[in-house]
Amino acid sequence: MTIRFEQTVDDTLAYYRYFLKTNKQARRAVRIAQFGIPVALWVLMMIVTRDWKFGIALAVVFLIWMLVIPRYMRRSMLRKTRRNLAKPENSRMLGNRSMELGEEGFRIATETAETHFKWAGVIRVVRETGYTFLFLSEQEAVIVPTGRLSADENAAIEKALEMYVKPNEK
């Protein structure tokens, strides 16, 4: 069966949101910025100044930092991603797609490229509201906007995943 859909900026950002929420390295980077930097700076400032009033004021500032920085970092990364997707040289990442499902795998075709993926290459399938992500590696996934597909198209995808992707890969 051939399924046609348009991959939009919002689709790609949905994947990046999921990635930032679940990837160990991304979460670790946020935690270091959230906790590591302010704690290290607070300890350093306390050693240098030895002023507890200043230390308490700085602790309050750093507590606010710890609450704000994770959201700021995620928004900043998503804003940069949106900006990069708008560049003409990245236009192939968006646009109309046709996805042809077969026994050996699936083929994604765009105006400028055609790629064949074997089912064995799908290491994990993640379903989020309106999307199915077919992970090909820890950081790369095919984004299928299932929320915009017909019931027949969604059923075809589910049937193919059930038939060809091993249970531990789902």
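Between Gln25 atom CD and Leu20 atom CG the span is 12.0 Å, to the nearest 0.5 Å. Taken from NZ in Lys80 to CZ in Arg75, the straight-line distance is 15.0 Å, to the nearest 0.5 Å. Taking CD of Glu100 as the start and CE of Met1 as the end, the distance is 11.5 Å to the nearest 0.5 Å. Of the inter-residue distances, the one linking Phe5 atom CZ with Thr146 atom OG1 reads 10.0 Å to the nearest 0.5 angstrom. Separating the OG1 atom in Thr12 from the CZ atom in Arg82 is a distance of 10.0 Å, to the nearest 0.5 Å. To the nearest 0.5 Å, the span separating CH2 on Trp65 from CD1 on Ile37 amounts to 6.0 Å.
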Discussion item. For Glu114 and Arg107: C-alpha separation, side-chain torsions, deciding distance, then whether salt bridge (charged side-chain N to carboxylate O under 4.0 Å, His left out) applies.
Written reply: CA-CA 7 Å; Glu114 187 174 310; Arg107 182 181 63 84; 3.4 Å; yes

Practice prompt. Could you walk me through whether Asp51 and Met46 pass the side-chain contact (heavy atoms from CB on, under 4.5 Å) test, one step at a time?
Written response: CA-CA 7 Å; Asp51 180 357; Met46 290 308 300; over 6 Å; no

Worksheet item: Which is it for Arg4 and Asn96 under the side-chain contact (heavy atoms from CB on, under 4.5 Å) test, yes or no, and what are the steps along the way?
Response: CA-CA 7 Å; Arg4 288 176 173 61; Asn96 293 322; over 6 Å; no

Fill in: Pair Leu136-Ile123, side-chain contact (heavy atoms from CB on, under 4.5 Å): steps then yes or no
CA-CA 6 Å; Leu136 307 171; Ile123 62 170; over 6 Å; no

Item to complete: Carefully, step by step, assess Arg83 and Arg79 under the rule side-chain contact (heavy atoms from CB on, under 4.5 Å).
Response: CA-CA 6 Å; Arg83 209 174 306 131; Arg79 195 171 33 253; 3.7 Å; yes

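For the pair Ile143 and Thr132, the minimum side-chain heavy-atom distance is 4.5 Å or more. Proximity of Glu162 to Ile157: side-chain heavy atoms (C-beta onward) are nowhere separated by under 4.5 Å. The side-chain heavy atoms of Trp119 and Leu101, taken from C-beta on, include a pair separated by under 4.5 Å. At least one side-chain heavy atom of Pro38 sits less than 4.5 Å from a side-chain heavy atom of Met66. Residues Arg127 and Glu158 have side chains in contact (heavy-atom distance under 4.5 Å, counting atoms from C-beta outward). Using a 4.5 Å cut-off on side-chain heavy atoms (C-beta onward), Leu134 and Leu161 make contact. Under the 4.5 Å side-chain criterion, counting only non-hydrogen atoms from C-beta, Leu13 is in contact with Thr81. The closest side-chain heavy-atom distance from Ile108 to Phe117 is below 4.5 Å.
Leu67 and Pro70 make their closest contact through O-CD, 3.9 Å (heavy atoms, listed as atom of the first residue, atom of the second, distance). Nearest heavy-atom pair across Tyr164 and Gly102 is CE1-O, 3.6 Å. Listed here is the closest heavy atom pair of Tyr131 and Arg148: OH-NH1, 4.4 Å. Contact record, Ser98 with Thr2: CB-CG2, 4.1 Å, taken as the closest heavy-atom pair.
The hydrophobic cluster containing Ile64 does not contain Val39, counting ILVMFWY residues as joined when their side-chain heavy atoms lie under 4.5 angstrom apart, directly or transitively. By the criterion of side-chain heavy atoms lying less than 4.5 angstrom apart, applied directly or through intervening Ile, Leu, Val, Met, Phe, Trp or Tyr residues, Val9 is grouped together with Tyr16 in one hydrophobic cluster. A continuous path of hydrophobic side-chain contacts links Met163 to Val125 [ILVMFWY only; heavy atoms under 4.5 Å]. Follow the hydrophobic side-chain contacts under 4.5 Å out from Val48 and you never reach Leu58; the two are in separate clusters. Residue Phe62 is grouped with residue Val43 when hydrophobic side chains (ILVMFWY) are merged at heavy-atom distances under 4.5 angstrom, including chains of intermediate members.
Within a 6.0 Å sphere centred on OH of Tyr15, other residues, nucleotides and ligands contribute more than 12 heavy atoms.
Between the side chains of Thr8 and Asp11, at least one donor N or O sits under 3.5 Å from an acceptor N or O.
Checking each of Glu140, Gln139, Met77 against Phe19 for a side-chain contact (heavy atoms from CB on, under 4.5 Å) leaves exactly one that passes, namely Gln139.
Evaluation of the salt bridge (charged side-chain N to carboxylate O under 4.0 Å, His left out) rule for Glu104 yields no partner, not counting sequence neighbours. Taking Glu128 as the reference, Lys21 meet the salt bridge (charged side-chain N to carboxylate O under 4.0 Å, His left out) condition, with sequence neighbours excluded.
For the pair Arg124 and Phe135, the distance from NZ or CZ to the six-membered ring centre is under 6.0 Å and the angle to the ring normal is within 45 degrees.
Judged purely by atom type and a 3.5 angstrom limit, Trp42 uses its side chain to pair as donor or acceptor with the backbone of Gly55. Side chain of Ser76 to main chain of Tyr72: no donor-acceptor pair is present (N/O by atom type, distance under 3.5 Å, no hydrogens or angles).
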